[in-house]
Chemist: 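Handing you a structure now.
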Amino acid sequence: MRWSQTYIPTLRENQSDAELVSHQLLLRGGYIRKLASGIYLYLPLMQRVIEKFSKIVREEMNAAGGLEITMSVLCPAEVWQKTGRYNTVGKELMKMKDRHDHEMILCGTHEETVTNLIAGEVKSYRQLPLNLYQIQVKFRDEIRPRFGLMRGREFIMKDAYSFDATVESQKESYQKMVDAYFRIFERAGLEVLKVESDSGAMGGSTAHEFMLLVDTNGGEETILHCPSCRYAANEEKAVFKDLNKPEIDSEMKENEVVETPNAASIEEVTEFLKVDATRLVKTLIYMADDKPVAALVRGDRSVNETKLKNAVNAIELESATPAQVEQFTKAPVGFAGPVGLKDLTIVVDPLVAEMKNFVVGANADEKHIINVNFERDFKADKVVDITTAINGDGCHNCDGTMEAKSGIEVGNTFMLGTKYSEALNAKYLDDNGKEHPIIMGSYGIGITRTPQAALEKYFDDHGIIWPVGIAPYLVEIIPLNLDKENIAAASEIIYNDLNEAGFDVLIDDRPERAGVKFNDADLIGMPIRITIGEKSLNDNKIEVKLRSSDEVIKVDVDKIVEHVREVVQTLK
RNA sequence: CGGGGCGUGGCGCAGCCCGGUAGCGCGCUUGCUUCGGGAGUAAGAGGUCGCUGGUUCAAAUCCAGUCGCCCCGACCA
């Protein structure tokens, strides 16, 4: 492609509203433009990146037995009403009416649509297993879109759905997708970590996320992982062993209400009572589907709201307002405690259950109770892990210590069980003629988010450094001065030869000065740069430089195709 | 939805407090010079100052409303 014939509107200055490097680079490099909040247009270079990545995804999905289809973006609301998600997904589900006043939704995912399709068609175990996938635009009306393509409202996703007759078979289908995912990301030049995750509103049991670990501030999620046994989970899900166990008294002491003026926060109470935070218990009040819950964790720890939500089987969980806290505890925020609490579900973390003689709020202004003991002074409705794991916690699997890393989710896999097939009546007959719901799985890869996520890793001060697998072009040719006949002629020959050899080539044929071309080339980030200028051309040579290195290699003009072929092998 | 901020040529911004001819840098067009890391010079094009209403002799500027956008939080891939 000739630069003059395509459209690459690079910008010299950063747009003010781009926060992440990756977002800035896509804007500046002329890859994307914004139409509205969270809605982007993909310009020619981005289009090529999307195509490159999609091609890899297609090839690997097909190799894993997936069948590509395309489903509609719209879906009648009643299908979503049948599975209950019409209400549970909440406001991010875009709802609308057509001219006949029929309620419709814009799909943010397609479990309902695909299950509805299968329900009418697949009737026998002989037709299973089946894996259908599509690469499609999705719409989720995010509360707050940000970070460019990383959290847009409209985005492209590859979503696959597996259908199996047995649990065994479903596990195989799941593993096939997991294996395919590793191949896909590897081909795209991305090293990903598979982590355990919470299945959330998707339903089902097992779920994993594929995370790209980044060092920039682009990470959207914290991951805990154990280097010795390879256990990895996101913060929502991660379980741990406490390595910071405080000493536990042997005897229970008499509890006692003490005055704690102006001491509401953990810091203030530890300061005032001169005790370590590990001798305190935090009591946090939440509303779980409008029912009050008291969550107790050790003073030095935080509540993991996902774990808590699962513990109380809630669809919605939010922290109580100060007014609600007062209503349930009869005390202002900061003085809640479990002793004497009524009408609340009390959830106690195991770390709290094993403590003795600890400090809690007294449910009275400026008062705490010391030497409180679980079971003796209050009971729990549930004792279950509701603490957030942090960097340095012990691995629950082995003796290792877990590290916290920042990552971006680029793919996910869910075992869905029969939630959708039962709701939408997708059933098959087994070899005994007995009817069963089909067992499902769902598998997503962010087609537009992944390349941007990659850029959080692959860039330098000058711009993008694409991995070969998803670069819009492999080679960019820079003829330094097209007015010189020998340069123009050599450029044409090289451009044609590389094209004919099957490489994706971009030639910067603009009448720009060298500096502009070099800077733009660094900005848009093609892996290989070929410079054609007088100096070298006089010796019948041209210069080859990798975007990822500073080294310039002079190559004979007639050996260039061969050279590029060799160099590509060494590139990731 | 809560808190903070911003809408002025394509992009980045100043002007607004204190009303009176709309300005700067980059980009764009044309000429000449220059030509291996974002050139110099000269001449130009391009703006209903987000929108609506009000105050005023006069509004980018003051007032009210409204729409859009960004940041922090809850939410989420």
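Letters A, B, ... are given to chains in the order of the sequence lines, protein chains preceding strands, and every chain is numbered from 1.
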Chemist: Can you tell me how far C1' in B:C6 sits from the matching atom in B:G15, rounded to whole Å?
Modeler: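 To the nearest whole Å, 16 Å.
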
Chemist: At 4.0 Å (heavy atoms only), tell me whether A:Glu92 reaches a base, stays on the sugar-phosphate, or touches nothing.
Modeler: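 Sugar-phosphate contact only - A:Glu92 comes under 4.0 Å of backbone atoms but never of a base.
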
Chemist: Out of curiosity, A:Thr321 OG1 to A:Gln327 CD, how far, rounded to the nearest 0.5 Å?
Modeler: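 It comes to 8.0 Å.
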
Chemist: A:Glu19 CD to B:C70 C1': how many Å, rounded?
Modeler: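 Spelled out: CD on A:Glu19 to C1' on B:C70 is 9 Å.
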
Chemist: Do A:Glu512 side-chain and B:G38 base share a donor-acceptor contact under 3.5 Å?
Modeler: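 It does not, because no donor-acceptor pair links the side chain of A:Glu512 to the base of B:G38 below 3.5 Å.
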
Chemist: Quick check: does any side chain N or O of A:Glu492 sit under 3.5 Å from a backbone N or O of A:Ile487, one acting as donor and the other as acceptor?
Modeler: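 Side chain of A:Glu492 to backbone of A:Ile487, a donor-acceptor pair under 3.5 Å: no, none is there.
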
Chemist: Mind checking the P distance from B:G44 to B:G53? Whole angstroms is fine.
Modeler: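 Comparing P positions in B:G44 and B:G53 gives a spacing of 37 Å.
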
Chemist: Distance check, C1' atoms only: B:U29 and B:G10, in whole angstrom units.
Modeler: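 To the nearest whole Å, 14 Å.
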
Chemist: Quick one: the side chain of A:Glu543 and the base of B:G36, do they pair up donor-acceptor inside 3.5 Å?
Modeler: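 Result: at least one qualifying N/O pair found.
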
Chemist: Report which part of the nucleic acid A:Thr10 touches: base, sugar-phosphate, or nothing (heavy-atom distance under 4.0 Å, all strands).
Modeler: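 No contact.
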
Chemist: With a 4.0 Å cut-off on heavy atoms, is A:Glu534 in touch with a base, just the backbone sugar-phosphate, or nothing at all?
Modeler: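 Since a base atom lies under 4.0 Å of A:Glu534, the category is base.
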
Chemist: When the P atoms of B:G68 and B:C24 are compared, how many Å lie between them, rounded to an integer?
Modeler: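 It works out to 34 Å between them.
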
Chemist: With respect to A:Glu209, which candidate in A:Thr413, A:Asn412, A:Asn234 satisfies the side chain to side chain donor-acceptor pair (under 3.5 Å) definition?
Modeler: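 Going through the options one by one, the only one that passes is A:Asn234.
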
Chemist: Please check if the distance between the ring centroids of A:Tyr31 and A:Trp466 is under 6.0 Å.
Modeler: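 Here the rings of A:Trp466 and A:Tyr31 have centres that are less than 6.0 Å from each other.
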
Chemist: What contact category does A:Gly533 fall into here, base, sugar-phosphate, or nothing, at under 4.0 angstrom with non-hydrogen atoms?
Modeler: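 Result for A:Gly533 = base.
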
Chemist: Counting the benzene-type ring for Trp, do A:His23 and A:Tyr40 have ring centres under 6.0 Å apart?
Modeler: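 Yes, the ring centres sit under 6.0 Å apart.
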
Chemist: Given the P atoms of B:U66 and B:C28, what is the spacing between them in whole Å?
Modeler: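 Roughly 42 Å separates the two P atoms.
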
Chemist: Is any side-chain N or O of A:Arg144 under 3.5 Å from a base N or O of B:C75, one able to act as donor and the other as acceptor?
Modeler: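 It does not, because no donor-acceptor pair links the side chain of A:Arg144 to the base of B:C75 below 3.5 Å.
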
Chemist: Would you mind reading off the distance between A:Glu318 atom CD and B:G73 atom P, rounded to a whole angstrom?
Modeler: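 Between P of B:G73 and CD of A:Glu318: 18 Å.
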
Chemist: Using atom P of each nucleotide, how far apart are B:G19 and B:G12 to the nearest Å?
Modeler: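 It comes out at 30 Å once rounded to the nearest Å.
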
Chemist: For nucleotides B:G2 and B:A60, find the distance between their C1' atoms and express it as a whole number of Å.
Modeler: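 Their C1' atoms lie roughly 31 Å apart.
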
Chemist: For B:C69 and B:U8, measure between their C1' atoms and round to the nearest Å.
Modeler: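 Looking at atom C1' only, B:C69 and B:U8 are 15 Å apart.
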
Chemist: Whole Å only: how far is the CG atom of A:Leu149 from the C1' atom of B:C76?
Modeler: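 So the CG-C1' distance, A:Leu149 to B:C76, works out to 16 Å.
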
Chemist: Between the base of B:G37 and the side chain of A:Asp522, is one N or O donor paired with an acceptor at under 3.5 angstrom?
Modeler: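 Indeed there is one.
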
Chemist: Is the base of B:G37 touched by the side chain of A:Arg529 through a donor-acceptor pair closer than 3.5 angstrom?
Modeler: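 Per atom types, the contact qualifies.
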
Chemist: Would you classify A:Ile143 as touching base, sugar-phosphate or nothing, given that sugar-phosphate means primed atoms plus P, OP1 and OP2, and contacts are heavy atoms under 4.0 Å?
Modeler: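 Answer is base: heavy atoms of A:Ile143 come under 4.0 Å of a base.
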
Chemist: Nearest whole angstrom, please: distance from the P of B:G68 to the CG of A:Leu35.
Modeler: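 Distance, rounded to whole Å: 14 Å.
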
Chemist: Just checking A:Lys34: base, sugar-phosphate only, or nothing, at a heavy-atom cut-off of under 4.0 Å?
Modeler: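 Since only primed, P, OP1 and OP2 atoms lie under 4.0 Å of A:Lys34, the category is sugar-phosphate.
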
Chemist: Between C1' on B:G36 and CD1 on A:Ile542, what's the gap in Å once rounded to a whole number?
Modeler: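 Nearest whole value for this atom pair: 15 Å.
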
